[in-house]
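Worksheet: the structure to be examined is printed underneath.
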There are 2 protein chains.
Amino acid sequence: MNPILASDSLTQRLADSGLRATPQREVVYSVLLRKRDHPTAEEVFARVKAELPTISLATVYNCLETLVQCELVRAVNFERSPTRYCPNLRPHAHFHDEQTGRTYDIDLPPAVLAEVNQVLPAGFDASSVEITFRGQARATS
Amino acid sequence: MNPILASDSLTQRLADSGLRATPQREVVYSVLLRKRDHPTAEEVFARVKAELPTISLATVYNCLETLVQCELVRAVNFERSPTRYCPNLRPHAHFHDEQTGRTYDIDLPPAVLAEVNQVLPAGFDASSVEITFRGQARATS
DNA sequence: GCGATTATTTGGAATTGTTCCAATTCCAAG
DNA sequence: CTTGGAATTGGAACAATTCCAAATAATCGC
């Protein structure tokens, strides 16, 4: 009945983990979907407050952590700057523009991913791999 | 005259950047070379104190930062845990063992590095790329 | 060598991002 | 209802790092 489909998949994923779909979780997730610019927890907090003025920063951290657990959101770390969050579930690398500080998603073709995994010697069993570029982007995307 | 060759290349690199080879910098660097287990700043601090009991943590941070600037050492970040330092200058990825917390260097063949760089669309100019695996290692290395 | 200048080190305070905690509040089921 | 677990909240605590101002050390022009 709710026209916002994302909310349904959210509810489903949460239920799968035995968790509830609360307004806070829904708004945090929708904020991430709405503007996919890899916001920090503080930025998410600011955006969510527009809709839920009484939400606390702790709750934003809780919700983000929950979404990461449910694999609806990826936490992205670049050096020691604040963790950023992205709702892109396809395999992708990140490009960090040194000038602007902006982060871009770079799609990772399965073939490349496969080749990268080949570099692991016997005895190393990787559950995930993260690829991060840093440099300069003139792209508008 | 000094039989420790590393110290010479250190002196050289520092000089190239207009910096001095101080005892603190030399000992911090030698500690990294001696045990290449990706220590944190605190761990380096503890090891250096054996030789220079009066060194301060701030100086260890300074020295590490200097060595990173001179490209003698790489800073390695894994999620939000403390930065680790490694004196391995060859292109390599890192494998983070989720059980033990240990970090392993994984050599990166130029061909793989080249292919990874190919995923960047036009307009993205990368100055460096970082590849980090996470998983389980049974290796002894 | 000798003072002037600059680089480096030092200890402690400050900062930042995040987590913890104890006290509510909110649901959901019996 | 009411009882129990889940979730939220605000503020304190925390960990890693950086900042800062004072002390120390090295280097340079003379």
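We name chains A, B, ... by the order of the sequence lines, and we start the count at 1 in each one. Every heavy atom of this structure was used, including side-chain atoms; hydrogens, water molecules and symmetry mates were not.
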I need the CD-P distance between A/Glu65 and D/dT8, as an integer number of Å. 13 Å

So that I can tick it off, tell me whether A/Arg84 and A/Glu43 are bridged by a salt bridge, with the cut-off set at under 4.0 angstrom between side-chain N and carboxylate O. yes

5'-most by nearest nucleotide on DNA chain D - B/Leu57 or B/Pro23: B/Leu57

Residues from residues 68-86 of chain A sitting under 4.0 Å of DNA chain D, heavy atoms only? A/Arg80

For B/Gln136 and B/Gln99, run side-chain hydrogen bond (donor to acceptor under 3.5 Å, both in side chains): C-alpha distance rounded to whole Å, both residues' side-chain angles, the deciding distance at 0.1 Å, then the answer. CA-CA 7 Å; B/Gln136 195 164 2; B/Gln99 253 80 65; 3.0 Å; yes

If I take atom OH in residue A/Tyr61 and atom C1' in nucleotide D/dA12, what distance separates them, rounded to the nearest angstrom? 15 Å

What orientation do A/Phe95 and B/Phe124 show, parallel under 30°, tilted 30 to 60°, or perpendicular over 60°? perpendicular

Can you tell me if the side-chain N/O atoms of A/Gln24 get under 4.0 Å from OP1 or OP2 in D/dT9? yes

Looking for any heavy atom pair under 4.0 Å, which part of the strands does B/Glu42 touch: base, sugar-phosphate only, or nothing? nothing

Determine, for A/Arg34 against A/Glu51, whether the closest basic-nitrogen to carboxylate-oxygen distance falls under 4.0 angstrom. yes

May I ask you to decide whether B/Arg138 forms a salt bridge with B/Asp97, counting only side-chain N to carboxylate O separations under 4.0 Å? no

Please classify the nucleic acid contact of B/Thr54 as base, sugar-phosphate, or nothing, using heavy-atom distances under 4.0 Å. sugar-phosphate

Which part of the nucleic acid does A/Thr22 contact within heavy-atom distance under 4.0 Å: base, sugar-phosphate only, or nothing? sugar-phosphate

Taking a hydrophobic cluster as the set of Ile, Leu, Val, Met, Phe, Trp and Tyr residues connected by side-chain heavy atoms closer than 4.5 Å, whether directly or through intermediates, do A/Leu72 and A/Leu64 fall within one such cluster? yes

5'-most to 3'-most nt of DNA chain C touching chain B (<4.0 Å, heavy-atom partner on protein side) reads C/dA7 to C/dT18

Using the ring-ring contact (aromatic ring centres under 6.0 Å, His included) criterion, which residues pair with A/His94? Sequence neighbours excluded. A/His38, A/His92

Should we count CD of B/Glu71 as having more than 12 external heavy atoms under 6.0 Å? no

